[in-house]
Amino acid sequence: MADGIALEGRGIPTAVVITEAFSGIADTMARDLGVPGYPYVLIPHPISSLTAEELRARAEAALPEVVRLLGGGERRTDRVPAAGSERLVEEAPSPNGEPSLIESCYARGWTDGFPVVPPTEALVQAFLAQVDRDPEEVILTQEHLGRRCTVRLAAANAVMAGCRPEYFPVVLAALEALQELVGNRAVLMPQHGQAVLVIVNGPIRHQLAFNCRDNVLSPGDRANATVGRAIRLVILNALGIRPHGYDQSTQGTPAKYSFCIAENEEESPWEP
């Protein structure tokens with residue numbers, strides 16, 4: 001879908017073919033790339049298990065629509081502004097109080113399903129004060145989606161995750177590691193259900209009370225829980241990779257809520 005829209009933007013007629021199982025992600029990508037309603041050819045799913053004869057029959061059935069699109073039918077390449085991910089801060093507290101702010105975050109699609117701390121400007125500024133970074137510096141990108149995460153947007157998501165301000169440098173370090181982990185971070189958009197594991201080491205573990213001993217994968221430790229959750233909220237809100245959209249995991253995993261541990265280097269038999 002992204003390639004088809006890019007090619008047509010260069011004046012090259014293109015027919016995108018999508019199987020039925022991926023129509024949702026195709027529509028989401030067209031919307032986020034600024035071409036909502038971009039036409040494509042929809043064919044039955046699956047195709048990997050078909051014989052050569054069955055594939056040929058399916059291709060022949062789709063051919064008339066492919067020819068129609070290549071011939072100029074329903075061309076839609078004029079882009080419209082997509083819903084931005086940069087503005088993720090509440091300007092002022094609601095006169096109705098905290099509960100309505102929390103509900104507002106739900107209404108805007110900013111949560112992972114659990115309530116979040118409303119990212120007011122004052123809270124975001126407290127997090128930004130922990131690092132000597134330009135708030136508009138881009139630290140994480142998802143190129144083919146046209147998405148990016150700035151330091152300011154990372155701070156807003158760390159607020160929402162329930163982090164303390166002093167956790168924010170760890171959140172930034174994890175996001176910068178994620179930027180280097182996989183060239184296009186396609187691992188975030190599979191059907192297999194992978195989750196991002198963050199492992200923290202160094203003196204910061206003890207300074208911020210990360211759990212690196214018993215029950216390390218269990219709930220109950222704020223640093224582990226909220227830093228891991230901040231990474232997932234960035235993936236959801238900044239990169240726009242959500243279940244039922246770009247995240248096409250078959251079952252998913254609860255590790256996608258939060259997956260952060262600290263390393264017990266002092267007692268571990270393995271290299272750090």
Side-chain angles (χ1 to χ4, degrees), residues 2 25 28-34 81-91 102 104-121 123-128 130-131 133-163 165 167-190 194-198 225-249 252 255-260:
I25 193 172
T28 300
M29 181 168 286
R31 181 201 66 204
D32 286 355
L33 292 177
S85 60
E86 291 300 312
R87 196 152 170 266
L88 194 65
V89 178
E90 293 281 1
E91 289 79 3
I102 293 174
S104 175
C105 292
Y106 272 113
R108 300 182 189 199
W110 291 353
T111 85
D112 52 6
F114 288 116
V116 295
V117 177
T120 61
E121 183 63 40
L123 285 174
V124 171
Q125 288 299 325
F127 277 61
L128 292 174
Q130 297 290 317
V131 295
R133 307 284 287 268
D134 180 351
E136 302 310 315
E137 178 188 353
V138 176
I139 56 172
L140 182 64
T141 60
Q142 191 77 353
E143 292 86 355
H144 68 288
L145 299 182
R147 293 286 189 134
R148 63 181 193 164
C149 180
T150 62
V151 172
R152 177 178 173 82
L153 191 52
N157 281 280
V159 169
M160 290 195 293
C163 290
Y167 300 171
F168 188 48
V170 181
V171 172
L172 280 187
L175 291 173
E176 290 178 317
L178 183 57
Q179 175 72 8
E180 299 299 325
L181 179 62
V182 179
N184 60 7
R185 278 156 300 289
V187 71
L188 300 175
M189 299 175 59
Q194 291 97 329
V196 177
L197 170 62
V198 177
T226 60
V227 168
R229 189 187 186 198
I231 302 307
R232 177 53 53 180
L233 287 176
V234 166
I235 292 170
L236 294 172
N237 294 321
L239 302 187
I241 300 174
R242 305 183 156 277
H244 320 302
Y246 293 135
D247 184 346
Q248 292 283 315
S249 302
K256 286 187 174 184
Y257 283 106
S258 178
F259 202 15
C260 174

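Excluded from the calculations below are hydrogen atoms, water molecules and symmetry mates; all remaining heavy atoms, backbone and side chain alike, are included. Everything quoted here is computed from the prediction, not taken from an experiment.
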Query raised in the report: Is any side-chain heavy atom of I231 closer than 4.5 Å to a side-chain heavy atom of C260?
Result: no
Query raised in the report: Any side-chain heavy atom of R229 sitting closer than 4.5 Å to one from V116?
Result: yes
Query - Test: E136 and R148 ion pair at under 4.0 Å - result: no
Query raised in the report: Where do L233 and D112 land on the side-chain contact (heavy atoms from CB on, under 4.5 Å) test, with the steps shown first?
Result: CA-CA 7 Å; L233 287 176; D112 52 6; 4.0 Å; yes
Requested in this report: Compare every heavy atom of T141 with every heavy atom of V138, then report the nearest pair and how far apart it is.
Outcome: CG1-CG2, 3.6 Å
Query raised in the report: Nearest 0.5 Å, what's the CE-CD1 distance between M160 and I102?
Result: 12.5 Å
Report task. Taking all heavy atoms of A230 and all of A158, pick out the closest pair and write down the distance. Result -> CB-CA, 3.9 Å
Query raised in the report: Can you tell if the side chain of L128 reaches within under 4.5 Å of the side chain of R152, non-hydrogen atoms only?
Result: yes
Requested in this report: Ignoring hydrogens and angles, tell me if any N or O in the side chain of S258 forms a donor-acceptor pair with the backbone of A225 under 3.5 Å.
Outcome: yes
Query raised in the report: Can you tell me how far the CD1 atom of I139 sits from the CD atom of Q179, to the nearest 0.5 Å?
Result: 9.0 Å
Query raised in the report: Of all heavy-atom pairs between P119 and W110, which one has the smallest distance, and what is that distance?
Result: CG-CZ3, 3.9 Å
**Report entry** Nearest heavy atoms of V196 and R232, plus distance in Å
**Finding:** N-NH2, 4.0 Å
Query raised in the report: Under a 4.5 Å cut-off applied to non-hydrogen side-chain atoms, are V151 and D134 in contact?
Result: no
Report task. Quick one: pull up OG in S249 and CD1 in I241 and give me the separation to the nearest 0.5 Å. Result -> 10.5 Å
Report task. Search all heavy atoms of A154 against all heavy atoms of L175 and return the closest pair with its distance. Result -> CB-CD1, 3.7 Å
Requested in this report: Please step through side chain to side chain donor-acceptor pair (under 3.5 Å) for the pair N237 and R242, ending with a clear verdict.
Outcome: CA-CA 8 Å; N237 294 321; R242 305 183 156 277; 2.7 Å; yes
Query raised in the report: Do you know which of L188, I235, L239, D32 makes side chain to side chain contact (heavy atoms under 4.5 Å, CB included) with Y246?
Result: D32
Report task. Looking only at non-hydrogen atoms, find the nearest pair between C105 and P118 and report the distance. Result -> SG-CA, 4.0 Å
